[in-house]
Amino acid sequence: MAWLLLIVAGLLEVGWAIGLKYTEGFTRLWPSVFTLAAMVLSVVLLGVAMKSLPVGTSYAVWVGVGAVGTALLGMLLFGEPASAGRLISLGLIVAGIVGLKLASG
């Protein structure tokens with residue numbers, strides 16, 4: 001269950017990172033409300049997951065899921081470059097996340 005909570009926390013991190021773009025510097029009410037809610041829920045779920053998972057693994061997976069998801073959505077939603085180098089680098093992050101999961105049991 002802790003791993004599921006950690007993945008959901010990472011997905012919420014993607015949500016708030018992308019949401020920041022839509023808040024326009026927190027000048028738009030509803031995007032700001034949703035972004036702040038995703039921030040809080042993401043950190044709360046991370047904290048709950050850390051009750052039974054190692055802190056280093058939890059944090060690295062949370063950041064990794066957030067970074068990969070945000071980068072991919074940046075490419076899809078905002079036309080950011082999807083160069084081979086970027087995609088390979090994202091693949092390496094995913095490999096690291098999988099490796100941490102396998103090493104943590």
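Worth knowing before you read on, the calculation uses all heavy atoms, side chains too, and leaves out hydrogens, waters and symmetry mates.
Interatomic distance, Leu76 CG to Leu73 CG, rounded to the nearest 0.5 Å: 6.0 Å. Separation of atoms OG1 (Thr57) and CH2 (Trp3) is listed at 6.0 Å; rounding is to 0.5 Å. Taking OG1 of Thr70 as the start and NZ of Lys21 as the end, the distance is 12.5 Å to the nearest 0.5 Å. A distance of 12.0 Å separates CD1 in Ile97 from CG in Leu102, rounded to the nearest 0.5 Å. Distance check: Met75 CE to Leu90 CG gives 5.0 Å after rounding to the nearest 0.5 Å.
In terms of heavy-atom proximity, Ala9 sits nearest to Leu45 at CB-CB, 3.7 Å. Nearest heavy-atom pair, Leu6 versus Ser58, reported as atom, atom and distance to 0.1 Å: CD1-O, 3.4 Å. What you find for Ala71 and Arg86 is that their closest heavy atoms are CB-NH2, 4.5 Å. Heavy-atom minimum distance, Ala60 versus Leu100: CB-CD1, 3.6 Å. Ala82 and Leu87 get closest at one heavy-atom pair: O-CD1, 3.7 Å. Heavy-atom minimum distance, Glu13 versus Trp62: OE1-O, 2.7 Å.
Side-chain contact check for Val61 versus Ile7: some heavy-atom pair is nearer than 4.5 Å.
Residues passing the ring pair (Phe, Tyr, Trp, His ring centres under 6.0 Å) test with Tyr22, sequence neighbours excluded: Phe78.
Using a 4.5 Å cut-off between side-chain heavy atoms of Ile, Leu, Val, Met, Phe, Trp and Tyr, with links allowed through other members, Ile93 and Ile18 fall into different hydrophobic clusters. In the hydrophobic clustering of ILVMFWY residues, with side-chain heavy atoms under 4.5 Å counting as a link, Val65 and Val63 come out together. In the hydrophobic cluster analysis, where Ile, Leu, Val, Met, Phe, Trp and Tyr join through side-chain heavy atoms closer than 4.5 angstrom, Tyr59 is grouped apart from Leu5. In this structure, Leu29 is not a member of the same hydrophobic cluster as Leu36, with clusters built from ILVMFWY side-chain heavy atoms closer than 4.5 Å. Connection of Met1 to Val48 is established within a shared hydrophobic cluster, with ILVMFWY side chains joined at heavy-atom distances below 4.5 Å, either directly or through further cluster members.
Judged by distance alone, the side chain of Ser42 and the main-chain N or O of Met39 form no donor-acceptor pair under 3.5 Å.
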Test side chain to side chain contact (heavy atoms under 4.5 Å, CB included) on Val14 and Val68; report intermediate values, then the result.
CA-CA 8 Å; Val14 174; Val68 170; over 6 Å; no
